Amino acid sequence: MRLIRVAAYCRVSTKKEEQEKSLESQQRFFTEIINKNLAWHFYGIYSDEESGTSTKKRKGFLQMMHDAREYKFDLILTKEISRFARNVQDSIKYTEELKRLDIEVRFLTDNINSFDSDHELRFNLMSSIYQDESRRTSQRVRWGHQRQMENGVVFGASIYGYHLKGGKLTLNLDEARIIRLIFSLYLDEGMGVHRIVNHLASQGIPSPSGAPTWKNASVLRMLKNEKYMGMLKQKKQITVDYKTHERKINHGEEDFIIIENNHEAIVSPEIWHRAQKEMANRRTKILSKTNHSNRYWLSGKIQCEHCHFTYKRKINNGKSKYRQVLWMCGKIDCNNQSIHERVLQEAFMDVLKNHIDNKTELISNIKNILYHVLSNTDDNTAEMHRIEREICRRENRISKLIELFLDGGIDRVNYDLKRDSLTKQINTLQGEFQTYAQIDEERQTMTDKLEEISLIIESILNFKVFSEELGKSLLHKVTVQSREQITYYINNDDGSNFFTSF
């Protein structure tokens, strides 16, 4: 009599020590039960220590299916449907394929045999029960999270400037001092993010990761973080699918949970709101050609040497039939005469023609100046990919944790603690991803505008045609002694300036 070749499949949800023991226990159980049956021949055990809602990454399972197609065994024993496949579609797909191969599958705990006539009905029923339990567990967890958020419990990893323990934020005094410094440099000193990064490095202040240099994105994220004014804003990301744990940025699909004065503030609400307004203003200056403070090529750059007031632009129609654009000292009683803009433009072009020997080299230098802005902006692609991988890892761990809970491998208290910790980490990572995505979007907008400027530069190689954009890019400042004595300070690509007088 030919013995029935029997294989077994078992799976645990994590690689932790207690689960490794559980795997050993399952393997021992299947070995004993198969060897006790004289009509059976023990073929082997397939196992996986990683799990999820899909079978794609389960090497043991996939190897078992490969061997089944080679007709290496006749019967598979497994504990239950939730150990074999977590969704109905996979369960039906693989058991039906095995049935076509004349290989029987027995689910011992569920008391289901794939060769029984009613196995499909029972199979669907049990699989649906497991799936529904996962859904209800997810709903219970979300409900619990909602109540905790409403009570001010902070979800996420520790944030620079605070200690996070037991869902409560308390000040880290040393880091809080750095946060206040960053806001002061931005608002009081007028520094941009890149200059702040350089300043912190020059002062030997380590970054949040402990590295000697900071990242632009880190500083920008700090300036935007409402937690620093004592506000707690949660549910910035929401779960789309309880089965895949896919999450997305909350664009109003669900209400945010916002609590004012939830914890001790590092900066006042007034300072934080000033920073948000200043960021919006600076962004407008960069992205909009019509911004008032940088509307014209000489805006804020031309100064009277006598009284040190900034020149203002004025359109004088007067009695002349021609429209005249003048620049005049902003001090009402200054005796310095106004200057026609056309005169200033021609003088500027003469500076370029008379003091630049190699026009091709100049064009290269101009482009270097323009794109220096971009080179100082971090390329966040690699970092965004890293964050996506980290989010995926944690979502997989949540899937495993749910399965472990449903299998009775972990109690409710430990399940809630571990699920909360992973959810907090995901929320923090998705916040970082959103910041990087916004920076990249703004960076691309700036890239497009610099491309336009580059085309303009190419069109004025002979310096006969004046360009507003060229003036904005090259001109550092202008000082006026008189109509006959004007000094131009021109930007070099190395950050220095040269000047010439007319």
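In this text, all values refer to a predicted model and were calculated from it rather than measured experimentally.
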_When you compare the side chain of Tyr186 with that of Glu278, does any pair of heavy atoms fall below 4.5 Å?_
yes
_Donor-acceptor pair between Trp327 and Glu341 side chains, under 3.5 angstrom_ = yes
*Is there a donor-acceptor contact under 3.5 Å from the side chain of Ser218 to the main chain of Trp214?*
no
*Could you give me the CA-CA distance, side-chain angles and deciding distance for His163 and Leu169, then say whether side chain to side chain contact (heavy atoms under 4.5 Å, CB included) is met?*
CA-CA 6 Å; His163 297 294; Leu169 291 174; over 6 Å; no
*Please report the closest heavy-atom contact between Ile266 and Gly161, naming both atoms and the distance.*
CD1-O, 3.7 Å
*Do Tyr160 and Asn225 have a side chain donor and acceptor closer than 3.5 Å?*
no
*State, with a plain yes or no, whether a side-chain heavy atom of Val478 is found less than 4.5 Å away from one of Gln303.*
no
*Can you check whether Phe61 and Tyr46 have ring centres sitting under 6.0 Å from each other?*
no
*Apply the test side chain to side chain contact (heavy atoms under 4.5 Å, CB included) to residues Leu181 and Arg177: give CA-CA distance (whole Å), side-chain angles for both, the deciding distance (0.1 Å), then the verdict.*
CA-CA 6 Å; Leu181 172 63; Arg177 179 177 58 84; 5.7 Å; no
_I want to check something: taking the side chain as every heavy atom from C-beta on, are His263 and Thr170 in contact at a cut-off of under 4.5 Å?_
no
*Less than 4.5 Å apart, any side-chain heavy atom of Cys307 and any of Cys329?*
yes
*For Arg397, does the CZ atom sit with more than 12 other heavy atoms under 6.0 Å from it, leaving out its own atoms?*
no
*Starting from the C-alpha separation in whole Å, work towards a yes-or-no answer on side chain to side chain contact (heavy atoms under 4.5 Å, CB included) for Met279 and Leu220.*
CA-CA 9 Å; Met279 272 187 277; Leu220 182 62; 3.7 Å; yes
_Parallel, tilted or perpendicular: ring planes of Tyr488 versus Phe348, cut at 30 and 60 degrees_ = tilted
_Under 3.5 Å side-chain donor-acceptor pair for Thr479 and Glu305_ = yes
*Is the shortest distance from a Lys or Arg side-chain nitrogen in Glu270 or Arg274 to a carboxylate oxygen in the other one below 4.0 Å?*
no
_Verdict with reasoning, Ile182 to Val219, per side chain to side chain contact (heavy atoms under 4.5 Å, CB included)_ = CA-CA 8 Å; Ile182 288 173; Val219 172; 3.9 Å; yes
*Are Leu185 and His199 close enough that some pair of their side-chain heavy atoms sits under 4.5 Å apart?*
yes
*Please work out which of the three classes, parallel, tilted or perpendicular, describes the rings of Tyr162 and Tyr228, given edges at 30° and 60°.*
parallel
*Side chains of Gln27 and Ser47: closer than 4.5 Å at any heavy-atom pair?*
yes
_For the backbone of Asp188 and the side chain of Ser184, can you confirm whether one donor and one acceptor N or O come within less than 3.5 Å of each other?_
no
*Roughly how far, to the nearest 0.5 Å, is the OG atom of Ser299 from the NZ atom of Lys312?*
9.0 Å
